[in-house]
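This report refers to the structure that appears directly beneath it.
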Amino acid sequence: MTVAISALAIALGTILGVFVGLALLYAWLPVRIIVRIYVDFIRGTPVFVLVLASFYILSIIGIQLNAFQAGVLAITLFCSTHVGEMVRGALAAIHRGQTEAAMAIGLTFRQIFLYVLMPQALRQILPTWVNAATEMVKASTLLSIIGVTELLLATQQIISRNFLSLEFYFLAGFIYFAIDFSIERLGRYVERKVAYS
Amino acid sequence: MANPLMVIENLHKKFDKMEVLKGVDLTINTSDVVSIIGSSGSGKTTLLRCVNLLEEFHEGRILIDGEEIGYTKKNDKRHRLSSSILAQHRALTGMVFQTFNLFPHLTALKNVTLGLRKVKRMKKEEAIETARHWLNRVGLLNWQDHHPGQLSGGQQQRVAIARAIAMNPKLMLFDEVTSALDPELVNEVLSVIKDLADDGMTMLLVTHEMHFAYDVSTTVIFMNEGKIGEQGPPSELFQNPKSQRLAEFIKNSTF
Ligand SMILES: Nc1ncnc2c1ncn2[C@@H]1O[C@H](COP(=O)(O)OP(=O)(O)O)[C@@H](O)[C@H]1O
Ligand SMILES: [Mg+2]
């Protein structure tokens with residue numbers, strides 16, 4: 001469950017994030033402003049609260065998500081804003097000469113983006129992306145261990161009510177560790193693979 | 001006489017209000033090697049960038065093989081062409097930059113094959129063969145699998161030359177391609193350019209290497225404040241400058 005939520009949400013969030021990053025950089029000004037507000041708003045909100053919001057706000061307008069869906073939605077949104085910021089920053093940092101050299105050989109904007117800018121930006125953001133993905137996994141692990149429905153209750157009494165056993169916390173801690181550790185390892189491996197001097 | 005390869009007519013270019021090119025006319029024939037000299041800020045780079053359509057310009061025309069590039073006229077109004085046609089027109093000329101601008105995430109070979117594959121739509125084998133041919137011409141066949149970060153400045157610039165010329169442009173543009181290099185690496189790049197010139201490649205190049213300009217050029221152009229100040233065969237320009245400005249510029253240059 002955890003892995004499914006994380007993997008799905010991170011994948012969706014990363015794809016959405018690439019478009020968010022592009023919008024932040026290249027979109028028509030009014031669109032850019034809206035996306036900027038979206039990013040700052042979501043980034044400033046704890047994942048916890050985003051999940052509650054997915055539950056509550058959407059149910060007000062008649063869409064009732066289950067725990068899995070709410071988790072995926074919240075983490076996808078959260079991930080998309082972080083990845084969006086990273087992509088924007090990385091693209092902006094690429095020297096103008098790269099685009100010009102690519103234009104000079106006759107590549108179109110789409111090709112320049114696909115073959116020249118994006119591969120460089122992705123290499124640039126990989127370490128930060130791994131950190132962010134680790135955070136998402138922590139968040140979703142938490143969600144699935146507690147259960148989103150319980151989470152709703154728990155927000156009122158999270159400190160006072162001790163509804164999980166000690167073993168459960170140990171198990172949770174261990175799963176955190178195992179998943180984070182694997183992601184970091186995998187990230188470092190991929191990083192080494194794609195590194196260039 | 002055959003039609004000229006490139007004609008520039010009355011080219012004007014402004015940055016905001018500042019006019020940087022103030023009416024440039026220039027004709028280049030096949031296999032000409034035209035060097036542009038002139039002091040910093042006189043508009044040499046801007047002229048090359050206009051030819052490669054990296055800059056917009058406000059007045060005048062550039063024709064390659066008789067066909068206007070970059071702009072078209074509709075109902076007496078001048079329009080910049082769509083970006084896909086601009087991309088096609090850009091491929092008519094090959095540009096080499098002062099700062100190399102190789103793609104750091106690609107090997108030397110892939111820097112050259114990218115355009116062949118995506119713009120020329122060559123098959124993979126043909127692209128690799130073509131790229132290897134040109135890497136060999138610039139003396140870097142053994143370095144094809146290295147990334148730009150693993151190459152010296154001189155080697156990077158030679159890859160950049162191979163990348164541009166592999167696209168089979170009608171005209172090569174070189175903008176001070178040795179001025180970012182350590183002095184001991186300048187010659188390996190100049191000799192590659194000389195070799196291509198001897199082979200009949202048509203070129204327009206900006207250079208501060210006066211000796212090289214003297215050696216390699218069929219025509220030398222002295223740019224002065226956004227205009228062509230003087231133009232002629234190198235011997236004439238360097239030995240009998242007509243204007244005071246050029247005489248001073250030559251006196252202050254090192255050969
Ligand atoms: N992107 C730009 N924006 C504004 N002014 C520019 C730009 N590029 C060049 N200029 C100005 O245009 C003039 C000519 O520049 P340039 O063509 O680079 O000269 P050169 O290559 O002969 O040294 C200079 O005054 C320069 O400051
Ligand atoms: Mg210049």
Side-chain angles (χ1 to χ4, degrees), chain A residues 14 17-18 21-23 25-29 31-32 83 86-130 187-197, chain B residues 45 48-49 51-55 82-108 110-121 145-151 156 159-160 162-169 172-175 180:
Chain A
T14 301
V18 170
L22 285 179
L25 209 53
Y26 302 121
W28 181 53
L29 187 65
V31 175
R32 218 185 310 159
V83 171
M86 291 175 214
V87 168
R88 186 202 59 77
L91 285 173
I94 296 174
H95 193 268
R96 172 98 189 118
Q98 290 290 306
T99 304
E100 295 190 339
M103 283 164 85
I105 53 176
L107 293 173
T108 63
F109 280 115
R110 197 185 60 84
Q111 293 172 325
I112 294 172
F113 177 73
L114 278 179
Y115 304 120
V116 177
L117 300 181
M118 218 45 212
Q120 294 187 51
L122 290 181
R123 278 170 173 78
Q124 184 70 41
I125 69 174
L126 195 65
T128 335
W129 183 86
V130 170
R188 246 180 261 151
Y189 171 78
V190 176
E191 215 175 300
R192 258 202 318 276
K193 276 273 163 192
V194 302
Y196 54 88
S197 36
Chain B
T45 294
L48 254 57
R49 290 172 58 88
V51 172
N52 198 226
L53 301 173
L54 290 172
E55 299 285 353
S82 71
S83 65
S84 63
I85 299 182
L86 287 181
Q88 288 170 23
H89 285 176
R90 277 194 193 100
L92 295 171
T93 58
M95 179 94 163
V96 183
F97 301 85
Q98 198 171 334
T99 49
F100 330 138
N101 298 345
L102 289 182
F103 307 130
H105 58 299
L106 301 177
T107 60
K110 287 195 169 151
N111 263 273
V112 184
T113 54
L114 181 63
L116 298 174
R117 297 274 285 139
K118 303 301 171 191
V119 179
K120 295 274 182 214
R121 308 255 164 226
D145 295 325
H146 287 72
H147 282 86
Q150 301 167 309
L151 302 176
Q156 288 188 55
V159 174
R163 175 177 70 178
I165 203 162
M167 296 298 290
N168 194 22
M172 282 288 287
L173 307 164
F174 296 90
D175 186 12

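Order of the sequence lines sets the chain letters (A, B, ...), proteins ahead of strands, with each chain counted from 1. Remember, it's a predicted structure, so these values are computed and weren't measured experimentally.
Both the backbone and the side chain of A:E100 come within contact range of chain B, judged by heavy atoms closer than 4.5 Å. Looking at A:Y115, both its backbone and its side chain come within 4.5 Å of chain B, counting heavy atoms on both sides. Proximity to chain A is limited to the side chain of B:R49, based on heavy atoms less than 4.5 angstrom apart. At a 4.5 Å heavy-atom cutoff, the contact between B:L102 and chain A is made by backbone atoms alone. In this structure, chain A has a heavy atom under 4.5 Å from the side chain of B:F97, while its backbone stays farther away.
Of the N and O atoms on the side chains of B:D145 and B:T107, not one donor lies less than 3.5 Å from an acceptor on the other residue.
The nearest pair of heavy atoms linking A:V18 to A:V83 is N-CG1, 4.1 Å. Nearest heavy-atom pair, B:L114 versus B:L106, reported as atom, atom and distance to 0.1 Å: CD2-CD1, 4.2 Å. Of all the heavy atoms in A:P119 and A:L114, the pair that sits closest is CD-O, 3.3 Å.
Ranked by non-hydrogen atom pairs under 4.5 Å with chain B, the options A:M103, A:R110, A:H95 are led by A:M103. When B:A160, B:A91, B:A87, B:P169 are compared by the number of non-hydrogen pairs under 4.5 Å with chain A, B:A87 comes out ahead. When each of B:M167, B:K118, B:H146 is scored by its heavy-atom pairs under 4.5 Å with chain A, the top score falls to B:K118.
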From CA spacing to verdict: side-chain contact (heavy atoms from CB on, under 4.5 Å), A:L22, A:L91
CA-CA 9 Å; A:L22 285 179; A:L91 285 173; 3.9 Å; yes

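B:L151 contributes atom CG, which lies 10.5 Å from atom CZ of B:F100 (distance to the nearest 0.5 angstrom).
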